[in-house]
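Some notes on the structure that comes next.
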Amino acid sequence: MNVRRRLIPAAAAASLGLGALTACSSDSAATGNTDKFDVVASFYPMAFLAEQIGGTHANVTSLTEPGQEPHDLEISTQQRAQLEEADAALYLKGLQPAVDKAFDQTGIETKIDAATLTHLEDHGTGGHSHEGEEGHSEEGHSEEDEHGRDPHVWLDPVKYAEIAQGVGKAFEKADPDHAADYKKNTEALVTKLKGLDGDFENGLKNPRSKVFFTNHAAFGYLAERYGLTQEAISGVDPGSEPSGARVRELQQEAKADGVTTVFYETLVSDKTAKTLARDANLKTDVLDPLEGITDRSRGDDYFQVMEANLKALQTALGAK
């Protein structure tokens with residue numbers, strides 16, 4: 001591929017801890033440019049796919065810094081200009097409005113919208129609706145369809161595997177010289193995701209309770225896949241405060257359904273979750289929506305954190 005400038009300079013990448021992404025990212029960061037297949041990903045779950053599938057042939061950059069809440073991302077003028085130099089862009093339309101707008105406007109030839117590679121569903125409070133966001137008809141999705149659709153598909157290993165397969169095919173088409181390796185890497189990743197699905201399926205059989213409380217509604221697909229019920233304290237906004245009526249409703253439900261634990265996450269405040277837990281005499285624990293990896297994460301990559309999530313759910317739900 002053409003030699004390209006990095007989206008984030010080497011010094012900045014080092015200070016942000018981007019070396020944790022993969023060796024292919026850190027190698028290019030050391031030189032400040034790359035002759036590899038240059039992929040810009042919107043946030044961690046997309047970057048992880050690109051790195052796993054691209055392997056040694058890809059140079060992957062994430063627009064969302066480690067520890068940054070991805071829903072709040074704004075694209076800088078420099079980032080917008082440098083996007084034009086990438087070979088491919090990988091994102092999930094509906095999660096980050098600023099990214100959607102920037103990618104729509106860029107001239108990148110290969111734009112991969114993960115939302116078109118699997119079926120997105122409406123989980124009630126699980127969707128992200130953004131006032132003023134333009135509608136799109138791509139893949140037959142209308143503006144009405146997109147509003148309310150839950151974007152958190154990566155938390156379902158089966159759907160994440162579907163997306164991985166689509167990304168692999170897109171990489172093969174965009175960089176045919178390395179198509180065989182992309183195909184092999186995709187197959188290996190899908191196999192690992194099938195194994196993870198099996199771990200969750202077996203690990204969550206016969207729980208004492210099927211209801212779990214979360215800080216925000218990110219786990220609708222995971223709950224649906226494994227026969228559980230997610231009750232979110234704050235709906236789609238992890239930083240919002242629930243109403244008094246909502247708190248009372250959750251307290252009553254905790255007693256009725258044998259709920260033991262209120263889950264919070266690493267990238268937002270745990271204040272609301274801990275307040276509810278104290279008032280309802282419940283425990284607290286982390287259930288990570290995997291929107292980013294930081295030094296507070298219970299693992300170094302997607303698979304490690306998902307296994308930690310499984311253990312947390314097993315404990316909270318009384319699953320053997």
Side-chain angles (χ1 to χ4, degrees), residues 1-8 13 18 21-64 79-93 99-100 102-120 136-141 153-154 157-195 301-303:
M1 312 307 291
N2 295 329
V3 175
R4 304 180 184 278
R5 288 180 291 131
R6 288 282 292 165
L7 188 65
I8 300 176
L18 291 179
L21 283 176
T22 57
C24 63
S25 290
S26 57
D27 287 348
S28 59
T31 61
N33 53 59
T34 175
D35 58 359
K36 297 183 178 182
F37 182 56
D38 199 12
V39 183
V40 175
S42 56
F43 73 129
Y44 177 76
M46 299 298 102
F48 183 75
L49 285 184
E51 290 157 3
Q52 296 294 304
I53 295 168
T56 58
H57 303 302
N59 176 76
V60 181
T61 302
S62 177
L63 288 175
T64 308
Q79 285 177 323
R80 194 179 296 271
Q82 290 175 331
L83 275 173
E84 299 292 343
E85 300 181 353
D87 298 308
L90 175 57
Y91 68 122
L92 181 59
K93 186 175 289 184
V99 171
D100 295 349
F103 281 11
D104 282 345
Q105 295 174 347
T106 187
I108 296 175
E109 184 174 348
T110 301
K111 287 187 270 192
I112 309 165
D113 174 13
T116 67
L117 302 177
T118 188
H119 177 67
L120 268 62
H136 303 277
S137 58
E138 184 179 15
E139 297 290 327
H141 297 314
V153 283
W154 64 92
V158 176
K159 285 189 172 292
Y160 201 40
E162 292 175 358
I163 294 171
Q165 290 173 321
V167 171
K169 291 176 182 177
F171 279 22
E172 290 174 39
K173 182 178 180 181
D175 185 18
D177 289 347
H178 302 114
D181 286 341
Y182 295 146
K183 183 177 180 65
K184 180 180 178 181
N185 293 344
T186 301
E187 290 173 350
L189 177 58
V190 169
T191 297
K192 286 188 69 176
L193 287 167
K194 286 181 178 178
D301 66 13
Y302 173 86
F303 286 102

With rounding to the nearest 0.5 Å, note down the distance linking [atom1] in [X] to [atom2] in [Y].
X      : Y      : atom1 : atom2 : result
Glu51  : Thr56  : CD    : OG1   : 13.0 Å
Leu120 : Leu92  : CG    : CG    : 6.5 Å
Tyr91  : Asp104 : OH    : CG    : 5.0 Å
Asp175 : Asp38  : CG    : CG    : 11.5 Å
Asp301 : Gln52  : CG    : CD    : 7.0 Å
Leu49  : Asn185 : CG    : CG    : 12.0 Å

What residues, two or more places apart in sequence or in another chain, satisfy side-chain hydrogen bond (donor to acceptor under 3.5 Å, both in side chains) together with [X]?
X      : result
Asp181 : His57
Tyr302 : none
Thr186 : none
Gln105 : Arg80

**Study point:** Thr64 versus Ser42, closest heavy-atom pair with distance
**Key:**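 Here Thr64 and Ser42 meet closest at OG1-O, 2.6 Å.
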**Study point:** Minimum-distance pair of heavy atoms, taken over all atoms of Met46 and Ala41
**Key:** C-CB, 3.8 Å
Practice item. Give the ring-plane orientation class for His178 versus Tyr182, where under 30° counts as parallel, over 60° as perpendicular and anything between as tilted. Key: perpendicular
Side-chain donor/acceptor pairs under 3.5 Å, residues 158-172, sequence neighbours excluded:
residue, atom, partner, partner atom, Å
Lys159, NZ, His119, O, 2.7
Tyr160, OH, Pro45, O, 2.6
Glu162, OE1, Thr118, OG1, 2.4

Point to revise | Sequence-distant partners of Thr110, side chain to side chain contact (heavy atoms under 4.5 Å, CB included), two or more places apart | key: Ala88, Ile112, Ala174
